[in-house]
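Being a predicted model, the structure only gives us computed values, none of them experimental.
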Amino acid sequence: MTVQATPSPSAVYRRLLTYSLRYWPVFLAAISAMALMSATEVSFMALVKPLLDEGFWKKDPHFFRLMPLAVVGLFFVRGVSSFAANYSMVWIARRVVVNLRGELFNRLLLLPVRFFDRQSAGQLISRLTYNVEQVSQAVTQVPTTLVRDSLTTMGMLAYMAWVNWRLAVFCFAVAPLIGLIIQFVARRFRSISRRIQDSVGNVTEAAEEAVTGQRVIKIHNGQEVERRAFQQINERNRWLQLKLTVTQNTSDALIQFIASWAIAAILYFIMQPDQLSAMTPGSFVSFMGAMLSLRSPLKNLSSVNEPLQRGVAAATVIFQLIDETPEPVGGTRALARARGAIEFRDVRFRYADDAPEALRGVSLKIEPGQTVAFVGRSGSGKSTLLSLLPRFYDPQAGEIRLDGHDLRDYPVARLRAQLALVDQQVRLFNATVAENIAYGLDPPPPEAKIVEAARAAYAWDFIEKLPGGLQAPVGHNGVLLSGGQRQRIAIARALLRDAPLLILDEATSALDTESERYIQQALARLVEGRTTLVIAHRLSTVQSADLIVVMQDGQIAESGRHDELLARNGLYAALYRMQFEAA
Ligand code: ADP
Ligand code: MG
């Protein structure tokens, strides 16, 4: 487990910005457009002064003719620049979303099995969907507001200072106070946003469990329990959202209230007789206009905090995931096609540092082409032992050798290419029968090959009857097929893969006798010429194995051929008698 220090919010935001700064020409264009927008706004205010002073005061007809043109011109520039700025920003935001999502997804594909053991699918999916969207606002709305509204504010303030600097000072005076409030509120936003994102993850998680476990819920009449559990999660999300709104609006109101003091002070001083005489009506009106039009950019600036903190909270979690250590890629030893000699040397393994050992010193030698059966009580470590071969996990002590070399010497991808695995829970993808059988093969094999594999797996007779045959869809996780049919597709998949090593983990345990007979025949074919490791409950299926290994409490209790083990009258003989009597 990798323990990561939480990076500072500003570091997270800087990293996030690199995603949008990658498109810096567009970013630059957007910012220029925004600057133009601010300029039009300040210019508009600046027009008021000559309008009153020159126009009304001096009644200059030439000036009156120019004004309408200037207004239309300004609004035209404003419209074009506003479109350009907004479009460029959304363009960048969508790129950022696509890139982050892509990076996240690619990382998920590379993360070790161990990572998925401690993460729920629902939480991971909600990061990919919800969190990423939260980030998009932070990289667009936030820079937009920061640039456009800061520029407008500064422009207005500069204009006000130019008209009357003494009065403008009041506006500067309240700035630090507002800054303090924003800082305090930011921390609160971030923590609430983080909790909201987790709670959206909980919603996804609960929904996912209810949807995938719907049959269990129905048979146990668990609807009421699920409904209540979900209501709690649902309500918690609502409550957190309200909390965020309260914080947002309280801070907005507070900031505006403080700003009102600056306005009040200015109004008070403007009314002083000597001040009034010093200003022309144009100056006075445009000063007041500029000051009042500060309201909207200031409001935007103070509320930019919320999407910013939401984005930072989301990005923190996203980056944590992107930074997770991927699976090792393995060594560089060449491996075209393994002979299939396997050796376990005093292998010890535990799932977590504080978990008991699942394997406590397993040593075993398997010759190429042998069929080795693993039996023993459930929980004795059979599946764990075999899951070390594709390096789903690595042992903490001891080593596993393939053809005389440690598994870690080979590239992981090459190692896995040597293995075909059929287990109890066949996982089919929502695609056609043919695509499922040929899964992972690049280039896709010709159809004749797929048919051949399907025939050998005794799957052809039912595939033929499906509407569409090989091109029939299997449905989400193969729900349109029966358990036995799914299993046979998995066997066809393993056959087509033609790997020198075969792992069968209770591949037939969930089947009825009829399908099992078919599958036994299919398996007999699959086993030919390969090193096969098979875990089976039914001892009838293991009797013919070259070697039977009896596991107990993470250790090998005894091993040998069927007759030898029976003669020994140990654990295997006991298991055998138990099954024999049951039958
Ligand atoms: P078997 O296949 O012989 O029934 P397993 O190898 O599945 O037994 O399990 C061996 C032990 O490891 C059990 O005590 C089980 O609880 C534990 N175990 C199995 N899988 C995991 C896992 N993913 N995380 C933590 N513990 C596990
Ligand atoms: Mg098992």
Side-chain angles (χ1 to χ4, degrees), residues 110 112-114 326-349 358-375 381-423 439-442 445 453 490-491 493-505 507 523-536 542 544-551 554-556 559-561:
L110 294 180
V113 173
R114 207 178 264 286
E327 277 191 304
V329 293
T332 53
R333 179 172 289 280
L335 183 62
R337 188 176 172 87
R339 282 187 304 118
I342 296 169
E343 191 185 353
F344 293 90
R345 284 193 184 174
D346 198 26
V347 169
R348 292 179 172 271
F349 175 75
L359 296 174
R360 303 186 295 143
V362 175
S363 297
L364 179 66
K365 235 178 142 150
I366 300 166
E367 304 298 335
Q370 269 193 330
T371 296
V372 179
F374 293 82
V375 298
K382 307 180 295 292
S383 299
T384 304
L385 185 69
L386 298 197
S387 68
L388 300 182
L389 279 174
R391 289 192 69 192
F392 287 158
Y393 305 94
D394 282 332
Q396 275 95 8
E399 62 171 352
I400 305 167
R401 294 179 158 234
L402 173 65
D403 292 355
H405 297 283
D406 195 303
L407 293 184
R408 285 167 285 205
D409 293 349
Y410 302 110
V412 167
R414 284 313 305 156
L415 171 69
R416 288 179 183 163
Q418 312 299 317
L419 288 158
L421 183 136
V422 183
D423 63 13
Y439 182 76
L441 294 179
D442 189 31
I491 292 172
R493 192 192 264 174
L495 272 169
L496 193 60
R497 203 174 155 93
D498 191 27
L501 290 166
L502 177 63
I503 298 176
L504 303 169
D505 188 346
L523 286 179
R525 227 177 261 187
L526 192 51
V527 163
E528 277 166 34
R530 301 167 213 274
T531 307
T532 307
L533 305 161
V534 48
I535 300 174
V542 304
S544 57
D546 299 309
L547 182 69
I548 299 168
V549 174
V550 185
M551 302 272 304
Q555 283 177 317
I556 297 178
S559 64
R561 295 185 69 99

ask   = Got a donor-acceptor contact below 3.5 angstrom from the Asp403 side chain to the Ala341 backbone?
value = yes
ask   = Between Arg414 (side chain) and Leu335 (backbone), is there a donor-acceptor pair under 3.5 Å?
value = yes
task = Keeping the roles fixed (side chain from Thr531, backbone from Gln370), state whether a donor-acceptor pair exists under 3.5 Å.
result = no
Minimum heavy-atom distance between Val422 and Ala494, given as atom pair plus value = CG2-CB, 3.9 Å
inquiry  = Using the rule side-chain contact (heavy atoms from CB on, under 4.5 Å), only one of Ile400, Leu547, Val347, Leu533 pairs with Leu364; which is it?
reply    = Leu547
message = Show the nearest heavy-atom pair for residues Gly554 and Val362, with the distance to one decimal.
response = O-CG2, 3.6 Å
key: Check: Met551 and Ile556 side chains under 4.5 Å, non-hydrogen atoms   = yes
key: Glu399 vs Arg345, side chain to side chain contact (heavy atoms under 4.5 Å, CB included): CA-CA, chis, key distance, verdict   = CA-CA 5 Å; Glu399 62 171 352; Arg345 284 193 184 174; 3.4 Å; yes
Taking every non-hydrogen atom, the tightest pair across Gly398 and Arg408 = O-NH2, 3.7 Å
ask   = Checking Arg497 side chain against Leu419 main chain: does a donor-acceptor pair fall under 3.5 Å?
value = yes
Distance in Å, Asp498 CG paired with Gln418 CD, rounded so as to fall on 0.5 Å steps = 10.5 Å
key: Flag side-chain contact, heavy atom, 4.5 Å: Leu359 against Pro395   = no
Interatomic distance, Ile491 atom CD1 to Leu504 atom CG [nearest 0.5 angstrom] = 7.5 Å
task = Looking only at non-hydrogen atoms, find the nearest pair between Ala499 and Ala420 and report the distance.
result = CB-N, 3.7 Å
query = Between Leu407 and Leu388, which heavy-atom pair has the shortest distance, and what is it?
reply = CD1-O, 3.6 Å
inquiry  = Working to the nearest 0.5 angstrom, can you tell me the gap between Leu421 CG and Arg493 CZ?
reply    = 10.5 Å
inquiry  = Other residues, nucleotides and ligands only: do more than 12 of their heavy atoms fall within 6.0 Å of OH on Tyr439?
reply    = no
key: Check ion pair Lys382-Asp505 (N to O, under 4.0 angstrom)   = no
task = For the residue pair Arg391 and Glu327, establish whether any side-chain heavy-atom pair is separated by less than 4.5 Å.
result = no
message = What I'd like to find out is whether the side chain of Leu386 reaches to under 4.5 Å of the side chain of Phe392, using heavy atoms alone.
response = no
task = Find the distance between CD1 (Ile503) and CD1 (Ile535) and round it off to the nearest 0.5 Å.
result = 8.5 Å
inquiry  = Checking Asp409 now: which residues fulfil side-chain hydrogen bond (donor to acceptor under 3.5 Å, both in side chains) with it, not counting sequence neighbours?
reply    = none
request  = Please report the shortest heavy-atom distance between Ile366 and Phe344, naming the atom on each side.
outcome  = CD1-CE1, 4.5 Å
Side-chain (Arg416) to main-chain (Pro390) donor-acceptor, under 3.5 angstrom = yes
task = Without swapping roles, check the side chain of Asp546 against the backbone of Thr371 for a donor-acceptor pair under 3.5 Å.
result = yes
query = Quick one: CZ on Arg114 to CG on Asp394, what's the gap to the nearest 0.5 Å?
reply = 8.5 Å
query = Hey, are the side chains of Arg360 and Gln555 touching, using non-hydrogen atoms and a 4.5 Å cut-off?
reply = yes
key: Partner residues of Tyr410 under the ring pair (Phe, Tyr, Trp, His ring centres under 6.0 Å) criterion, sequence neighbours left out   = none
inquiry  = What I'd like to find out is whether the side chain of Leu402 reaches to under 4.5 Å of the side chain of Leu501, using heavy atoms alone.
reply    = yes
